[in-house]
Amino acid sequence: MPVAAIAEPSTPPTADSPKPSRRALGIVALLLAGGAAGVGTLWAVHDPHTAKPEHLVGVVDWSNQSTNTISFRADGQPPTGEQVFYRVVSSTTDYPGCLVGNGSDPVRQDKRRVELDTVRADYGGKQPVRIAMSLLCKD
């Protein structure tokens, strides 16, 4: 037959019992407040409307310097006959040299290799607007 464990009777706290110090309680309170502030900051910083950039390498088939528009096909993307247009927004004042038209014609139709970092903006139209934030000419 199993032997039951005998529980020691609990004694009520006396005046001599150790108490948590005010300092320990203060530290615990600060840790809890810091944790809550950290979680609140992470929640506030996360923005579902923030665009995530995409790095692409491929070919520009057509560019128009006066409208800052290019037709771009990424490497590995099969030619579908449908053009994908990007608006070029450069952080420099100079338009990328490989996109500049010839003479007075702002349109250039020869193929050029480029790297670009893009984002998409959806303004409620049929397609999102693709924006090339930076463009590096490879040729």
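Only heavy atoms go into these numbers, but all of them, side chains included; no hydrogens, no water, no symmetry mates. Residues take their numbers from the sequence shown, with the count starting at 1.
Clustering of Ile, Leu, Val, Met, Phe, Trp and Tyr side chains at separations under 4.5 Å places I27 together with L31. By the 4.5 Å side-chain criterion applied to Ile, Leu, Val, Met, Phe, Trp and Tyr, V28 is assigned to a cluster that also includes L32.
Going from atom CG of D110 over to atom CZ of R112 covers 4.5 Å, rounded to the nearest 0.5 Å. Here CD of E115 is found 8.5 Å from OG of S134. Values are rounded to the nearest 0.5 Å. For the atom pair I70 CD1 and Q65 CD, the distance stands at 13.0 Å (nearest 0.5 Å).
Contact between T118 and A132 at its shortest, heavy atoms only, is CG2-CA, 4.2 Å. When all heavy atoms are compared, the tightest approach of L135 to P96 is CD2-CB, 3.8 Å.
Take N68 and apply the side chain to side chain donor-acceptor pair (under 3.5 Å) test, not counting sequence neighbours, and it matches no residue. With sequence neighbours left out, the side-chain contact (heavy atoms from CB on, under 4.5 Å) criterion links R130 to V84, Y86, R120, Q127. Every residue meeting the side chain to side chain donor-acceptor pair (under 3.5 Å) condition with R87, not counting sequence neighbours, appears here in chain and number order: T69.
For F85 and W62, the distance between ring centers is under 6.0 angstrom.
Under a hydrophobic clustering in which Ile, Leu, Val, Met, Phe, Trp and Tyr are joined whenever their side-chain heavy atoms come within less than 4.5 Å, directly or via other members, V60 and L136 fall into different clusters.
Checked for salt-bridge contact, R108 and D61 miss the test: no charged N lies under 4.0 Å from a carboxylate O.
Inter-residue side-chain proximity for D75 and L56 is flagged as unmet; no heavy-atom pair is nearer than 4.5 Å. Put simply, the side chain of E54 does not reach to within 4.5 Å of the side chain of M133, judged on heavy atoms. You'll find the side chain of F72 stays beyond 4.5 Å of the side chain of V59, heavy atoms only.
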Show which side-chain atoms of residues 97-107 pair as donor or acceptor with protein atoms under 3.5 Å away, not counting sequence neighbours.
residue: D105; atom: OD1; partner: V107; partner atom: N; Å: 3.1

